[in-house]
**Student:** 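Sharing a structure, written as structure tokens. Questions coming.
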Protein chains: 2
Amino acid sequence: MVRDVNRVQRKRDERVRRIVATAAELFGERGYDGTALEDVAERLDVTKGSLYYYFAGKDELAAAAIETLGSDWTARLEEMPATGPSAERLRALLREHIAIAVREYPAALRLFLVPDSWPDALRARIRELRARHDLVFRRVIREGVAAGELAVVDEDATLQALHAAMSQAPLWCSHLAGDAQDRAMDDLADTLMKLVRA
Amino acid sequence: MVRDVNRVQRKRDERVRRIVATAAELFGERGYDGTALEDVAERLDVTKGSLYYYFAGKDELAAAAIETLGSDWTARLEEMPATGPSAERLRALLREHIAIAVREYPAALRLFLVPDSWPDALRARIRELRARHDLVFRRVIREGVAAGELAVVDEDATLQALHAAMSQAPLWCSHLAGDAQDRAMDDLADTLMKLVRA
DNA sequence: GCAAGGTTTGACCCCAGAGTCAATAGCATT
DNA sequence: AATGCTATTGACTCTGGGGTCAAACCTTGC
């Protein structure tokens, strides 16, 4: 009989992690409705049935995927250096958010911009994740405003505009080649900086 | 037998118009996948079957709906007064786009921001509609820049940012009450004007 | 090798929703 | 009232995809 409960648990966790990651990819690419559990299973080289061994259903899997997408992303921004002039830090944050969106998470759009393309049960959580994500930007902006380095017309409106513009970037950037893409992302970041110019 | 072919045609056109309008509403509210043809039929007090008398299928109906959504909207912006300082005209355009988005077309988001939530066949057309829509803003911005009244970092990036921010407005504005909503829309328009400040 | 789990399978049910169509109803016109 | 269109119905098929489950398959410890 199995004694080493820990090892079993670790293996299980690892499997769950891979499933969630794959699901997140697909949900990002094709949206909630556009993603069949069979697609997820296929990409993992297993059968649909076995997914139900780990998750109660599609919604639960989607919930986990959202959780990962949202918090990984936010975490990466939170890890960025927190010193230097607010303007520079904000610009770096914007640029990084855009780069992540374009290169890794076309899901951005669906996750942050169209919450109602997800089942009702998940919307509240999505809003929370987004609020936390926004907070990263809010903090820097507030500091900058307090220090007189930055200025905004209205904090909420600015946040909404920043977020919408950044998250939508994959739509028109992803078809560009390497160099042109980098320039497009820079242009967008520079453009958005005008929103907080003193 | 029916002689007056014209009257028959007119009636038919009118019925088509109503169907398309209703479909546009629903697609806007719930997206392509979220809208069943039976829902459209129900809102029109007819049966699903009769829709097929006018349209070959869901995609064709969606195509018509998109056409209406896109061109009505653009047309309304194109009708706005074309005199006065560029900054003021642009501000009016932004404000109007936002108001239409919030009050009439929550569809905005789905139409302009998430083209790939529609069937493949429609995407090219959606891009065209959006390009034409953008043109209204592009023109004013170019005039303003030429006249030295406005300045942009990069025209494309600016357009993308403007559009994304405006179209996403329903998401956070629509739950606000009358006055607060107006203020939020004003704030957003003012915020966005910073993007083109000289 | 053999228990006692943990894990995966594949066949299955079921439903929502797209699409079809023969029959029926609603009209103008004569 | 009869004729010949146009329009609508409702019952039907079919497919995709979510969800279930008993049986088979691994793995690990004894």
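In the text below, chain A, chain B and the rest are named by the order of the sequence lines, each starting its count at 1.
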**Student:** Between A/Tyr53 (OH) and D/dA22 (C1'), how many Å, whole number?
**Tutor:**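 Value for this atom pair: 15 Å.
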
**Student:** Roughly how many Å is it from CG in B/Leu37 to P in D/dT13, rounded to a whole number?
**Tutor:**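 It works out to 20 Å between those atoms.
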
**Student:** For the pair made of OH in A/Tyr54 and C1' in D/dT20, what is the distance, rounded to whole Å?
**Tutor:**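 Distance check: A/Tyr54 OH to D/dT20 C1' gives 18 Å.
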
**Student:** Can you tell me if B/Gln160 and B/Asp156 form a side-chain donor-acceptor pair at under 3.5 Å?
**Tutor:**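 B/Gln160 vs B/Asp156: no donor-acceptor pair found between side chains.
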
**Student:** Could you state the atom-to-atom distance from OH of B/Tyr52 to C1' of D/dT6 in whole Å?
**Tutor:**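 Nearest whole value for this atom pair: 20 Å.
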
**Student:** Please state whether the base of D/dG19 and the side chain of A/Lys48 form at least one donor-acceptor pair under 3.5 Å?
**Tutor:**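 Check passes, donor-acceptor contact within cut-off.
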
**Student:** Without decimals, in angstroms, what is the distance between B/Glu14 CD and D/dA7 P?
**Tutor:**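 After rounding, the gap between these two atoms is 13 Å.
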
**Student:** Under the criterion salt bridge (charged side-chain N to carboxylate O under 4.0 Å, His left out), I'd like the reasoning laid out for B/Asp182 against B/Arg95: C-alpha separation, chi angles, the key distance, then a yes or no.
**Tutor:** CA-CA 10 Å; B/Asp182 284 338; B/Arg95 185 52 226 258; 3.8 Å; yes

**Student:** Between A/Gly49 and B/Arg15, just flag the one whose closest nucleotide in DNA chain D comes earlier from the 5' side.
**Tutor:**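 In this pair, the answer is B/Arg15.
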
**Student:** Under 6.0 Å from the six-membered ring centre of B/Tyr32 and within 45° of its axis: does the NZ or CZ of B/Lys58 meet both?
**Tutor:**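 The answer is yes; both the distance and angle limits are met.
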
**Student:** Any chain of hydrophobic side-chain contacts (each under 4.5 Å) joining A/Val145 to A/Leu94?
**Tutor:**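 In one cluster with A/Val145: A/Leu94, yes.
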
**Student:** Which residue, A/Ser50 or B/Tyr32, contacts DNA chain C at a nucleotide closer to its 5' end, judged by nearest heavy atom?
**Tutor:**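 Residue closer to the 5' terminus by nearest nucleotide: A/Ser50.
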
**Student:** Quickly work out the B/Glu38 CD to D/dA11 P distance and round it to whole Å.
**Tutor:**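 From B/Glu38 CD to D/dA11 P: 12 Å.
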
**Student:** In whole angstrom, what separates B/Leu44's CG from D/dA7's C1'?
**Tutor:**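 Going from B/Leu44 (CG) to D/dA7 (C1'), I get 14 Å.
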
**Student:** Are B/Glu78 and B/Arg132 side-chain neighbours, meaning at least one heavy-atom pair lies under 4.5 Å?
**Tutor:**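 Yes; the side chains approach each other to less than 4.5 Å.
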
**Student:** Which is true for A/Gly57 with a 4.0 Å heavy-atom rule: it touches a base, it touches only sugar-phosphate, or it touches nothing?
**Tutor:**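 Touches sugar-phosphate only.
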
**Student:** When all nucleic acid strands are considered with a 4.0 Å heavy-atom cut-off, which category describes A/Phe55: base, sugar-phosphate, or nothing?
**Tutor:**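 Touches nothing.
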
**Student:** Name the closest nucleotide to the A/Lys58 side chain, picking from D/dG19, C/dT8, D/dT9.
**Tutor:**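 That would be D/dG19.
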
**Student:** Whole-Å distance between C/dG5 P and A/Arg12 CZ?
**Tutor:**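 Result: 16 Å.
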
